[in-house]
Amino acid sequence: MMGSGQQSRYQRFLEAFVALDRRWIFLSVGLIAIIFMNIDMSLPITPSDQSTEVYHTIESLKPGAIVHMSIDYGPGSEAELWPQHVAMLRQLLRKGAKVVCSSLWTDAPPMIEKGFETVLGELQKEGITKQRGVDYANLGFKAGDRVAIASIGTSFRQTFPTDSMGNPTSQLPIMRGWDNYRDVDLLITISVGDPGAVEYVQQAQSRYRMPMIAGVTAVIAPQLYPYYQSKNIRGFLGGLAGAAEYEKLVGEPGRATKGMNVQSAVHVLIVLMVLLGNIAQYLLKRIARS
Amino acid sequence: MENLVDLFGVWLTVLLTLAVFSFLYRDNPVYKIAEHLYIGIAAGYTFYQAFRTTIYPNLVQHMIDGAQKIQAGDPAGWQMQWRFGAFVLGMLMLSRLVPSWSWVSRWPMALVVGAFAGLNLIGYARANLVDQISATMIPLAGRMPGVNGMLPLLPQASPGDSSIINHLVLVVGVISVLTYFFFSKQQNKPLRRIGVVGIWFVMITFGATYGSIVLARVSLLIGRVYILTDANQPSMGYPFVTGAGLIIAALVIWRIWLLKPDDRNPRG
């Protein structure tokens, strides 16, 4: 049995906890992120069906297969989409696929170049050399959202008269012998929003029925489950978790795998705060009733 | 020189990141500087990209090539000039700048809306209607060509097959949610009960989406923390630690000397 002084102190504590300034929570989240980023630990990661499908779809490509990779994200979404972008590009180039990148987002062209620079550097160390315009190309940004997707489907050369370096697209060796989505072996979109994976399904995949996979942020992932179930897309990677699953599948744990430790720790904190907040509210109500 | 540019880039990245994070304390001039810089640079960069990669190659260069063909006596050059119409429509959009002529901008706008609606209609009809209806028509038992195996309890089923429970959830979910949103008939007791099941499905979907949003926001934080900690090298002058100190000092000075007493609401 608590005395009245003790009870009021207890009540004051609960009231203070319920009215906790949100900035303390921001600070805790920030600190946990920094601490867990510097702790070496490995939590189990089980690849989901949709991530496994992405891996198998790329793995089943024959050397020389034409892949259109639409990179539709900027530096703001680098944390989630960069690991997916690099992992897929690495696997594609190792398989000998011809990768043609383009973008519907203005801030994406530098990400395309950075992706090629990173992966080509790694492949060079393995003794694999790739040539711009022959094995890969960057067609750059194109305005027009859905209209641009429909136009790409009809003709790559007309939609992109030049590549990002200003070279005529029709003269690039990689572009010889094909020009539209009927000739493409795989469509990949790594996207953060609209236009992105959903728009590519609606304007390209549902029209030309070519195989399609996607890498998206966790916000977009729930929108893709119906398209996965209807087989419009063969598989997709959802956010950092998807990237970590993919890193496990390709056997090269990287930043996404490490990031999942932080994700888990922050989630535990959020769940704990929600639980403690609810318990405090319940106790306060009980005190008020008594 | 290259090292100096790199150093400047790293410091700028770290300081602007921390300046944006300072909003978590409250709206402040440091955050405002970063915000205005971002909006200005984004607007300029977007215009540059649109001009360089779309307007110039798809309009200007295309018409110049056409004009050259006309000069060379090739009639195909005339066909290439039809994009001049796009240029005219684009210029008509600028009539919004003159209030008495702003109504003219409705013509190109009508074309954009019409084309957008037409394209979306086809895309939605195929991907969101026909394909989804077809994907919902699944057998609850046995196998169907083109559809994942059905009952994992059956001896012929493979480990990757989807289960009958998944299919039941799908069928019950679709029917109950559609019933909840069916307003053409007054809902009697049985229909209302089915609708309640439907609203549970909708709520669970919202919950999953909300969970994904939290996941995405934490990922953004992780990305920024990577950048801050990676940059915090002795050779760079510890930009994260030094930058954080500078931003905190700026906020303290602003709070003590520049902020009006009436605005010093600690929870602002």
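Letters A, B, ... mirror the listed sequences (proteins, then strands); counts begin at 1.
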Taking every heavy-atom pair that is under 4.5 Å apart, which of [options] has the most such pairs with chain A?
options: B:Ile227, B:Ile55, B:Val225, B:Leu228; answer: B:Val225
options: B:Ile122, B:Leu119, B:Ile213; answer: B:Leu119
options: B:Ala50, B:Pro57, B:Ala42; answer: B:Pro57

Contact leader toward chain B among [options], where contacts are heavy-atom pairs under 4.5 Å:
options: A:Ser230, A:Gly76, A:Ala218, A:Ala79; result: A:Ala218
options: A:Ala204, A:Pro226, A:Gly140, A:Gly166; result: A:Pro226
options: A:Met260, A:His267, A:Gln229; result: A:Gln229
options: A:Gly74, A:Ser77, A:Pro222; result: A:Pro222
options: A:Asn232, A:Thr162, A:Val262, A:Thr217; result: A:Asn232

Worksheet item: Do the numbers put A:Arg255 on top of the ring of B:Tyr226, so that NZ or CZ is under 6.0 Å from the six-membered ring centre and no more than 45° off the axis?
Response: yes

Discussion item. Within the structure provided, determine whether A:Leu172 and A:Phe160 are in side-chain contact (heavy-atom separation under 4.5 Å).
Written reply: no

Discussion item. I want to check something: taking the side chain as every heavy atom from C-beta on, are B:Gln61 and A:Pro161 in contact at a cut-off of under 4.5 Å?
Written reply: no

Worksheet entry | Under 4.5 Å from any heavy atom of chain A - which part of B:Phe116 | side chain

Worksheet item: Heavy-atom distance under 4.5 Å to chain A: side chain of B:Phe240, backbone, both or neither?
Response: side chain

Fill in: Note: A:Arg234-A:Glu53 ion pair, threshold 4.0 Å (strictly below)
no

Any donor-acceptor pair under 3.5 Å from [X] side chain to [Y] backbone:
X: A:Ser191; Y: A:Asp72; answer: no
X: A:Asn261; Y: A:Met41; answer: yes
X: A:Arg157; Y: A:Met175; answer: yes
X: A:Trp82; Y: A:Pro75; answer: no

Which region of [X], side chain (C-beta onward) or backbone (N, CA, C, O), has a non-hydrogen atom less than 4.5 Å from a non-hydrogen atom of chain B, or is it both or neither?
X: A:Val198; result: neither
X: A:Phe26; result: side chain
X: A:Leu139; result: neither
X: A:Ala143; result: both
X: A:Ser164; result: backbone
X: A:Val147; result: both

Ring geometry between [Y] and [X] (parallel below 30°, tilted from 30 to 60°, perpendicular above 60°):
X: B:Trp254; Y: B:Tyr25; answer: perpendicular
X: A:Tyr225; Y: A:Phe236; answer: perpendicular
X: B:Phe87; Y: B:Phe84; answer: tilted

Worksheet item: Do the side-chain N and O atoms of A:Glu245 and A:Tyr55 include a donor-acceptor pair separated by under 3.5 angstrom?
Response: no

Worksheet item: Does a donor on one side chain sit under 3.5 Å from an acceptor on the other, for B:Tyr45 and B:Gln49?
Response: yes

Worksheet item: Mind checking which of residues 214-224 of chain B sit less than 4.5 Å from chain A, heavy atom to heavy atom?
Response: B:Val214, B:Leu215, B:Ala216, B:Arg217, B:Val218, B:Ser219, B:Leu220, B:Leu221, B:Ile222, B:Gly223, B:Arg224

Response to the item:
Between B:Arg83 and B:Met63 the two heavy atoms that sit nearest each other are C-SD, 4.3 Å

